[in-house]
Amino acid sequence: MKKEIILNGVTVSYDFQCKNVKNINLRIKPDGSVCVSASRRVPQSEIEGFLKSKADFILRALQACQNKKMAEKTQYFTETQIRSVIFELCKQAYPYYEKRGIRFPQIKFRRMVSVWGSCRPKQGILTFNTNLIYAPPECVEYVVWHEFTHFLQANHSPLYYKELEQVCPDWKECRRRLREINIRGEKE
């Protein structure tokens with residue numbers, strides 16, 4: 001059953017279901033729909049009190065869903081352009097790694113649904129996700145630095161991030177922005 005509640009001045013619609021459960025349950029789905037379930041014995045006033053106590057969490061989660069939807073719609077490059085951009089960024093990044101004894105890697109591209117890139121240090125291969133067409137240029141650059149840095153540290157240890165910080169000081173912001181882009185379901 002559809003219901004509405006005002007949380008911090010914002011009207012929020014939610015689906016309510018009576019279930020044989022002990023607690024009031026709240027779930028916010030990736031599409032931004034809010035679902036609440038509770039026992040038939042729980043009064044509506046208690047459910048509303050519960051939702052109001054979770055208002056900040058609910059509104060933040062709904063905003064995050066909205067941000068993801070907006071991020072999904074922005075395409076910065078065509079697939080041909082992203083391949084060219086990444087290859088150029090690799091050529092620009094390489095001198096730093098060449099001084100550290102790294103050979104120029106083989107660059108590959110493919111659609112992936114859970115990572116933006118991968119590095120196979122022993123094979124000398126960098127693979128980049130063609131879904132980077134949805135990432136802003138500074139985030140694409142971060143992915144190139146991120147993957148190249150794996151030639152120096154093949155893990156995500158503190159030492160790895162210290163190395164990354166040297167070449168990409170704003171890596172945390174870029175990583176945060178990339179996490180807002182939904183690439184699941186983009187695989188051909």
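These numbers were taken from a predicted model, which means no experiment stands behind them.
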Is there a side-chain contact between [X] and [Y] in this structure, where contact means two heavy atoms from C-beta onward sitting under 4.5 Å apart?
{"X": "Arg60", "Y": "Asp56", "answer": "yes"}
{"X": "Lys122", "Y": "Arg120", "answer": "no"}
{"X": "Phe77", "Y": "Leu132", "answer": "no"}
{"X": "Arg83", "Y": "Thr130", "answer": "yes"}
{"X": "Asp170", "Y": "Cys168", "answer": "yes"}
{"X": "Leu26", "Y": "Phe57", "answer": "yes"}
{"X": "Phe50", "Y": "Val42", "answer": "no"}
{"X": "Glu165", "Y": "Tyr161", "answer": "no"}

Exercise. Is any NZ, NE, NH1 or NH2 atom of the basic residue among Arg111 and Glu79 found under 4.0 Å from an Asp or Glu carboxylate oxygen of the other?
Worked result: yes

What about [X] and [Y], same hydrophobic cluster or not, with Ile/Leu/Val/Met/Phe/Trp/Tyr joined at side-chain heavy-atom distances under 4.5 Å?
{"X": "Val10", "Y": "Ile47", "answer": "yes"}
{"X": "Leu51", "Y": "Val21", "answer": "no"}
{"X": "Phe87", "Y": "Val85", "answer": "yes"}

Would a distance-only check, ignoring hydrogens and angles, find a side-chain to backbone donor-acceptor pair under 3.5 Å from [X] to [Y]?
{"X": "Asn129", "Y": "Val115", "result": "yes"}
{"X": "Thr78", "Y": "Gln81", "result": "yes"}
{"X": "Tyr160", "Y": "His146", "result": "yes"}

Please round to the nearest 0.5 Å and tell me the distance separating atom [atom1] of [X] and atom [atom2] of [Y].
{"X": "Lys54", "Y": "Leu59", "atom1": "NZ", "atom2": "CG", "answer": "13.5 Å"}
{"X": "Thr149", "Y": "Ile102", "atom1": "OG1", "atom2": "CD1", "answer": "10.0 Å"}
{"X": "Phe148", "Y": "Gln92", "atom1": "CZ", "atom2": "CD", "answer": "11.0 Å"}
{"X": "Thr74", "Y": "Glu180", "atom1": "OG1", "atom2": "CD", "answer": "11.0 Å"}
{"X": "Trp116", "Y": "Ile181", "atom1": "CH2", "atom2": "CD1", "answer": "4.5 Å"}
{"X": "Ile133", "Y": "Ile86", "atom1": "CD1", "atom2": "CD1", "answer": "10.5 Å"}

Exercise. Step by step, would you call Leu7 with Lys52 a side chain to side chain contact (heavy atoms under 4.5 Å, CB included)?
Worked result: CA-CA 6 Å; Leu7 302 174; Lys52 287 178 181 175; 3.9 Å; yes

Using every non-hydrogen atom in the two residues, find where [X] and [Y] come nearest and quote the distance to one decimal.
{"X": "Cys139", "Y": "Arg177", "answer": "SG-CB, 3.9 Å"}
{"X": "Glu163", "Y": "Leu152", "answer": "OE1-CD1, 3.6 Å"}
{"X": "Phe151", "Y": "Ile125", "answer": "CZ-N, 4.3 Å"}
{"X": "Pro105", "Y": "Leu126", "answer": "CG-CD1, 3.7 Å"}
{"X": "Ile28", "Y": "Cys65", "answer": "CG2-SG, 4.5 Å"}
{"X": "Ser13", "Y": "Val34", "answer": "O-CB, 3.8 Å"}

For this session: Could you list the residues that satisfy ring pair (Phe, Tyr, Trp, His ring centres under 6.0 Å) with Tyr94, not counting sequence neighbours?
Result: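 Only Phe104 meet the ring pair (Phe, Tyr, Trp, His ring centres under 6.0 Å) criterion with Tyr94.
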
For this session: Apply side chain to side chain contact (heavy atoms under 4.5 Å, CB included) to the pair Met112 and Thr127, showing each step before the final yes or no.
Result: CA-CA 10 Å; Met112 298 181 268; Thr127 304; 4.1 Å; yes

Exercise. Has Asn155 got more than 12 heavy atoms of other residues, nucleotides or ligands less than 6.0 Å from its CG?
Worked result: yes

Exercise. So with a 6.0 Å cut-off around NZ of Lys2, is the heavy-atom count from everything else above 12?
Worked result: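 More than 12 heavy atoms, drawn from other residues, nucleotides or ligands, come within 6.0 Å of this atom.
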
Exercise. Should the pair Tyr97 and Trp145 be assigned to parallel (<30°), tilted (30 to 60°) or perpendicular (>60°) ring geometry?
Worked result: tilted

For this session: Dump the intermediate steps for salt bridge (Lys or Arg N to Asp or Glu O under 4.0 Å) on Glu173 and Arg176, then the final yes or no.
Result: CA-CA 5 Å; Glu173 174 61 16; Arg176 183 195 63 76; 2.6 Å; yes

Exercise. Could you go step by step and tell me if Glu88 and Lys91 meet the salt bridge (Lys or Arg N to Asp or Glu O under 4.0 Å) rule?
Worked result: CA-CA 5 Å; Glu88 285 304 311; Lys91 288 193 323 193; 3.1 Å; yes

